[in-house]
Amino acid sequence: MTYVVTVAMAHPEGAPELDALQREGVIFLLRKGFDSLEAIEGPDGMEIELLDDLIAAGPSGALLRIFVDAPALEFAEDAAREVVSELLERTEALADWRITSCGVELNSELLQQSLDAADGPDAPPADPAERARRHAAAETTTGTDRLHPAEVEAMRARLRALAPTLAAVPLEAFGHGDDPEERTVGREAAEIAAGALVFAVDLLVDELFTDLAALEEDGPTVAESDAAFMLLDDLPPQFADEYTVLFARRLTVTAVALTGRLAQPRPVRPVRPSCVAEEILLRLLITQAEVTADLYDLLSDEVATALETFAEGVGADPDADATDLAPLGAEDWFTPFDDGGDGDAGFVHPYAAHDDEESLQGPTAR
């Protein structure tokens, strides 16, 4: 059965808060460790399959959501805690970090399935009340807890304060309109979603600049480079030999142009993507916003709905496969979309639209 184990970690007490680039570095180190795993070992040598994972980092720690296939809930939790502990120990930069919580979040139906699936002497008790008591006792014994409520509230206030920065996108785009009968979410949820997008802009652009520097140092393409990339590695891998320094520069300029449009009080162009590159970037931005809200325990059903509403409105479903967006080569990603006959063709920044490497980089470029 598939379980989603949430593991929260914190850096050493008294350590300064992590800035945006340090947080991305933490994500990179954890990603590097998990990418080397296909399965993790449970009790008595039992192999527990690692299906997927989601990693996010904040000023004082990181949050993992690990999707595992295990015969019972307890096995999933124990295996996840053990593999994360081992990963921290063998990663020098994270050796002083600690796990603050580790647990499976499931509904009552899945809980009963877990109970039915488990057998043997280590099976969990059939009584849900006794099961809950044991989990509570274990959490008390290990001294684990989730984010401090004050930290959650501080981030809630910060994201709501950032929401007006998204000047080109009214709260209606997140499902909070003037007409109460047409609202799908409350004002707070819409503001948290909008603020999370603004917060994610810094992360997205910083990742691109960092990747560009790494590619310039260890290029000439992502396919030929031994460097680890924060964002370029998330692009469709079949085009990795086309991800050159020029491509990374064009993608960075496109990201700046796109996110700048989101902050224009009276945008001259619509917010929706103007080319394949913008569509991929916007999906990555929405995913980062979702991860940010989730990291701070702010991804309620309403906030998730608000982000989904925004994604649908701009035609950028973050759950879709980016490969489906890019059936052609990467050089075509910056071609403006057709206007469909309405005179509203997509606009692409002149630098990004220009694919002549020699004229952009000079005659001595290689």
Side-chain angles (χ1 to χ4, degrees), residues 3-42 48 50-68 76-105 138-139 141-148 151-152 154-155 199-200 202-204 206-211 213-214 217-218 225-234 287-288 290-297 299:
Y3 296 92
V4 183
V5 186
T6 300
V7 184
M9 298 172 295
H11 64 35
E13 293 185 10
E17 290 191 347
L18 303 174
D19 60 27
L21 283 179
Q22 288 172 325
R23 292 197 293 270
E24 291 304 315
V26 170
I27 293 174
F28 164 69
L29 291 173
L30 293 173
R31 165 66 50 230
K32 184 178 180 181
F34 274 100
D35 283 349
S36 65
L37 300 174
E38 293 183 359
I40 53 183
E41 187 173 317
I48 295 178
L50 178 63
L51 303 176
D52 200 359
D53 56 76
L54 180 66
I55 305 175
S60 60
L63 185 73
L64 309 179
R65 290 193 184 278
I66 307 173
F67 297 75
V68 297
E77 288 184 348
D78 291 346
R81 181 184 293 276
E82 183 174 343
V83 75
V84 173
S85 296
E86 181 179 346
L87 179 58
L88 293 178
E89 289 177 4
R90 73 186 189 195
T91 305
E92 183 177 354
L94 304 176
D96 293 333
W97 283 46
R98 68 188 189 283
I99 296 175
T100 59
S101 67
C102 178
V104 171
E105 299 176 4
E139 295 250 337
T141 301
T142 58
T144 60
D145 52 16
R146 297 190 64 80
L147 291 176
H148 193 283
E151 188 174 5
V152 174
M155 191 59 169
F199 189 89
D202 283 355
L203 300 178
L204 180 75
D206 278 341
E207 286 177 356
L208 283 167
F209 277 121
T210 301
D211 281 359
E217 179 72 21
D218 194 45
S225 173
D226 292 328
F229 300 100
M230 294 181 175
L231 187 142
L232 294 179
D233 279 341
D234 291 334
T287 297
Q288 183 61 64
E290 185 178 74
V291 170
T292 296
D294 193 17
L295 176 63
Y296 287 91
D297 293 337
L299 191 62

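Everything quoted here is computed from the prediction, not taken from an experiment.
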L88 versus I99: any side-chain heavy-atom pair under 4.5 Å? yes
Any non-hydrogen side-chain atom of C102 less than 4.5 Å from a side-chain atom of V5? yes
Out of curiosity, [X] [atom1] to [Y] [atom2], how far, rounded to the nearest 0.5 Å?
| X | Y | atom1 | atom2 | value |
| --- | --- | --- | --- | --- |
| L87 | L64 | CG | CG | 8.0 Å |
| E92 | L29 | CD | CG | 10.5 Å |
| D206 | L231 | CG | CG | 11.5 Å |
| D297 | L63 | CG | CG | 7.5 Å |
| R31 | D233 | CZ | CG | 10.0 Å |
| D234 | E207 | CG | CD | 7.5 Å |

Can you list everything that forms a side-chain contact (heavy atoms from CB on, under 4.5 Å) with F28? Sequence neighbours excluded, please. K32, A228
Locate the shortest heavy-atom distance separating [X] from [Y]; write the atom from each residue and the value.
| X | Y | answer |
| --- | --- | --- |
| W97 | P12 | CD1-CD, 3.9 Å |
| A200 | Q288 | CB-CG, 3.6 Å |
| S60 | E151 | OG-OE2, 2.9 Å |
| V7 | A80 | CG2-CB, 4.4 Å |
| T292 | F199 | CG2-CD2, 3.5 Å |

Any donor-acceptor pair under 3.5 Å linking the side chain of [X] with the backbone of [Y]?
| X | Y | answer |
| --- | --- | --- |
| R98 | H11 | yes |
| D211 | F229 | no |
| Q22 | D19 | yes |
| D294 | L299 | no |

Apply side-chain contact (heavy atoms from CB on, under 4.5 Å) to residues L30 and L94 and explain how you reach the verdict. CA-CA 9 Å; L30 293 173; L94 304 176; 3.8 Å; yes
Name the one of T100, V26, V84 that satisfies side chain to side chain contact (heavy atoms under 4.5 Å, CB included) with M9? V84
Please assess T210 against E24 for the test side-chain hydrogen bond (donor to acceptor under 3.5 Å, both in side chains), listing each intermediate value before the final yes or no. CA-CA 10 Å; T210 301; E24 291 304 315; over 6 Å; no
